[in-house]
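Quick notes on the structure that follows.
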There are 4 protein chains.
Amino acid sequence: MAERKAPDASRRSERSRTAILTAARELIGEIGYGKLTIEAIAARAGVGKQTIYRWWPSKGAVVFDSLLALSEQADGAGIVLPDTGDIEADLKTVLRATAAEFADPEFEKPIRALNTEIINDRELAAAYREKMAAPMTEAKKQRLRSAQRAGQLAADADLDLFLDVLYAPLTQRWLLRSGPLDDAFADALVETALRAFRPR
Amino acid sequence: MAERKAPDASRRSERSRTAILTAARELIGEIGYGKLTIEAIAARAGVGKQTIYRWWPSKGAVVFDSLLALSEQADGAGIVLPDTGDIEADLKTVLRATAAEFADPEFEKPIRALNTEIINDRELAAAYREKMAAPMTEAKKQRLRSAQRAGQLAADADLDLFLDVLYAPLTQRWLLRSGPLDDAFADALVETALRAFRPR
Amino acid sequence: MAERKAPDASRRSERSRTAILTAARELIGEIGYGKLTIEAIAARAGVGKQTIYRWWPSKGAVVFDSLLALSEQADGAGIVLPDTGDIEADLKTVLRATAAEFADPEFEKPIRALNTEIINDRELAAAYREKMAAPMTEAKKQRLRSAQRAGQLAADADLDLFLDVLYAPLTQRWLLRSGPLDDAFADALVETALRAFRPR
Amino acid sequence: MAERKAPDASRRSERSRTAILTAARELIGEIGYGKLTIEAIAARAGVGKQTIYRWWPSKGAVVFDSLLALSEQADGAGIVLPDTGDIEADLKTVLRATAAEFADPEFEKPIRALNTEIINDRELAAAYREKMAAPMTEAKKQRLRSAQRAGQLAADADLDLFLDVLYAPLTQRWLLRSGPLDDAFADALVETALRAFRPR
DNA sequence: GCCTAAGCGAGACGGTACGTCAGGTCTTGCA
DNA sequence: TGCAAGACCTGACGTACCGTCTCGCTTAGGC
């Protein structure tokens, strides 16, 4: 097991790390992922290129970390979905919000960047599932289990499948721009999913 | 209003066009989309770079055309889905086949390449929907309408939504590698979708 | 005999070639050979770095060519040394001029640069002897042969040796800064050399 | 007027100093002066880079010191040239030995390195003259004075000039590789120099 | 059937960014 | 407090491709 490099993480400059992630995030918003370069990140962060290459294996990894930092700061205290007792209403609220987020140009570019990377990089995909998707998924399942207890969802429903059916069409439509992402679509998805998994 | 370029399509060399598309397809399979370069395509095709720039606006467009050529040769005679009269069985057959295709490394790289391009290029996304997705979608709807007539599907079902619910989870799982693409998953999707849209 | 690259010299841009050589010469004068970089040459010449790497194997080669161009433009019509009939007076004139040239800061930097390169590069040394030293040496020998015919120099004198004895001390003293390069020194060298090779 | 650096020489690690000079000398022999780097010296010597920068102002200075150490160990007891009473024979012996040394690849690289440095660095040139050349020159003059007393050399001969005429052609030819450095050349130089400075 | 304008292969060009190497400075334990 | 270790910013390296631009050479259409 011959490591080629083993930089001493204890000596790592927190100042540089933060500056790099911030610069990456800003640049994605400004010029888009496709035109993002390591040199530009380094320049904007006031950092040597080597400092980036020392700590990240690829441009995609930097971008991933920069977005991860963003998402982590959001859910510092854990993510909780609304629970009014009405699963349909709550899911519509959440899905409409997600759809709106996709439409926000501020969010659009980074998320497209992230998806581009994930599609083509196995390891990044794994990191995404663990670090970014998992906490969100767990929060959603929490709400679904509550609905199961309330008898609004089949007790034996496969929650992973439920979430796939609920969210994948939304994401897909956004990625491929194959249709409008309006409230009607969000509502229709919720209704469809609940219909498929309603208690017998 | 003088166009800057107006290449005379009637003089276009079919030999070069074919060689370029073939080279592009081969290279995607060999080195992947990310490392694909115009120079490599030109070299492999035995063609000057200018000949590529003359006829395509971007690398993505070449790649798209090369995969389009592939898909067109497949459905020259039109696509027809099996219709045994049992919509559930037929859809399971089709979805299992699609899942298997995704698992085939031969198909995997080009489709990932295509998705990468489409996500980040509006025009390519439109071209994809028109040239590649539309015929497929139409064939699927054909089969679904047959099921509606047979009373196996709600007569007022939104077929676009149905197809989204049926296929998006599959594509998503494949793109993000978020779970196994086995027969069980394909079957579960078909059952879920049909449950959501069964006649009242 | 597998050549790795074989750029087509017939397509070479004369404009670029000239700009590069000029830029190199100017920069040597301004910042010195040690701090000279290919990037700076390219930038000053308004040229891509690749255009330099395409046509020259090393920084030293560029510098050499730039000085060669300089020397060639000087002796377009051939070099002729003064011949008043008095070899001692003529040589003193020439050596004093050479010493003065060495003292001129304008000439100093390029020549030091050249020597630095030549010392450490066999091929450059060969090129120097052929392209730059040889014509000069031939001109000097011409004058010496005239002196031999006039009976001012031993008829069987080894002219190469004579020139070494005459010039090497001058060059050496200049390179190592081991003593003053004044007229007295030039005169002394001439007298010494002539004394050693006077006719018996 | 506070010096920016004032390392306390009394605390200097002799172990490090020696290791650095040894490493420098070895590396010059192995990879040549041009490719020599401070980092490589530090790594080979098992020393931090700062320890080098603390005690030497430039790479050239390290190299110089490393070669100085070499030459000092050689002439600890003072240098004495052979004195058989026959100045011509003695000088031929010495010059032939010098020529042979130049041909020895072991000696070649360091001396070329040294010359490269000296040519471009005034201070190093001065140090060279004082520390390395001077003792050698003095030893040679000693022998020449003996020859003057023996009537084999003009009593009023300029010994510095004599040494220049004798050695510079040899050094020059070696540096520029402009001719063979054989015994014949060494002998011819001695004969020429003696002819120029023989007693009247 | 010839002429001529176009497409074509080739590849040089001015550039941008790559990923690496080394320079020289600064910081952190260890001895 | 001198040292080894090595992270840091800087800047140059030599390479790979970009998209544009000539070069001669086919090669097809209009005359």
Side-chain angles (χ1 to χ4, degrees), chain A residues 5-13 15-17 35-43 45-55 57-59, chain B residues 6-13 15-17 19 35-43 45-55 57-59, chain C residues 5-13 15-17 19 35-43 45-55 57-59, chain D residues 5 7-13 15-16 19 35-43 45-55 57-59:
Chain A
K5 288 184 194 177
D8 182 349
S10 74
R11 292 216 186 292
R12 182 167 189 180
S13 159
R15 166 192 295 274
S16 295
R17 199 187 128 270
K35 296 188 178 171
L36 182 66
T37 66
I38 297 274
E39 296 216 326
I41 298 174
V47 137
K49 277 196 289 178
Q50 202 60 53
T51 301
I52 299 182
Y53 285 112
R54 183 153 36 229
W55 301 109
S58 69
K59 189 177 73 168
Chain B
D8 181 349
S10 74
R11 286 189 181 258
R12 181 168 189 179
S13 159
R15 166 192 295 275
S16 295
R17 199 188 129 270
K35 297 186 176 171
L36 182 66
T37 66
I38 296 274
E39 298 219 330
I41 297 173
V47 137
K49 281 196 289 178
Q50 200 58 250
T51 301
I52 299 183
Y53 286 111
R54 187 160 23 235
W55 300 109
S58 69
K59 188 177 74 167
Chain C
K5 288 185 196 177
D8 183 348
S10 74
R11 294 219 185 291
R12 182 167 189 178
S13 159
R15 165 192 296 274
S16 295
R17 199 188 129 269
K35 296 187 178 171
L36 182 66
T37 66
I38 297 273
E39 295 214 325
I41 297 173
V47 138
K49 278 197 288 179
Q50 201 59 48
T51 301
I52 299 183
Y53 286 111
R54 187 157 28 230
W55 300 109
S58 68
K59 188 177 72 167
Chain D
K5 290 186 197 175
D8 181 349
S10 73
R11 291 202 178 243
R12 182 168 188 179
S13 159
R15 166 193 295 275
S16 295
K35 296 186 178 173
L36 183 66
T37 66
I38 297 274
E39 297 220 310
I41 297 174
V47 136
K49 280 195 288 177
Q50 199 57 249
T51 303
I52 299 182
Y53 286 112
R54 191 162 20 236
W55 300 109
S58 69
K59 188 176 74 168

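Note that the structure is a prediction, hence the values are computed from the model and not measured. Each chain gets a letter, A, B and so on, in the order its sequence line appears, and its residues count up from 1.
One finds the CD atom of C:Q50 at 11.0 Å from the CD1 atom of C:I38 (value rounded to the nearest 0.5 Å). In this structure, CD in D:E39 is found 10.5 Å from CD1 in D:I41, a value given to the nearest 0.5 Å. Taking CG of C:D8 as the reference point, atom CZ of C:R54 lies at 11.0 Å (rounded to 0.5 Å).
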**Request:** Sugar-phosphate means primed atoms, P, OP1 and OP2; the rest is base. With that split, encode nucleotides 4-11 of chain F 5' to 3' as B, S or - using protein heavy atoms under 4.0 Å.
**Result:** SB-SBSB-

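Atom pair B:Y53:OH and E:dG11:C1' shows a separation of 14 Å (rounding to whole Å applied). Rounded to an integer number of Å, the gap from C:I38 CD1 to F:dA12 P is 12 Å. Between the P atom of E:dC18 and the CG atom of A:L36 lies a distance of 8 Å, rounded to the nearest Å. Between B:K35 atom NZ and F:dT15 atom C1' the separation is 15 Å, expressed in whole Å.
Summarising the local packing, CZ of A:R12 is surrounded by more than 12 heavy atoms from other residues, nucleotides or ligands at distances under 6.0 Å.
Residues forming a salt bridge (charged side-chain N to carboxylate O under 4.0 Å, His left out) with D:K59 (at least two apart in sequence, or on another chain): none. B:T37 is linked by a side-chain hydrogen bond (donor to acceptor under 3.5 Å, both in side chains) to nothing, counting only residues two or more places apart in sequence or in another chain.
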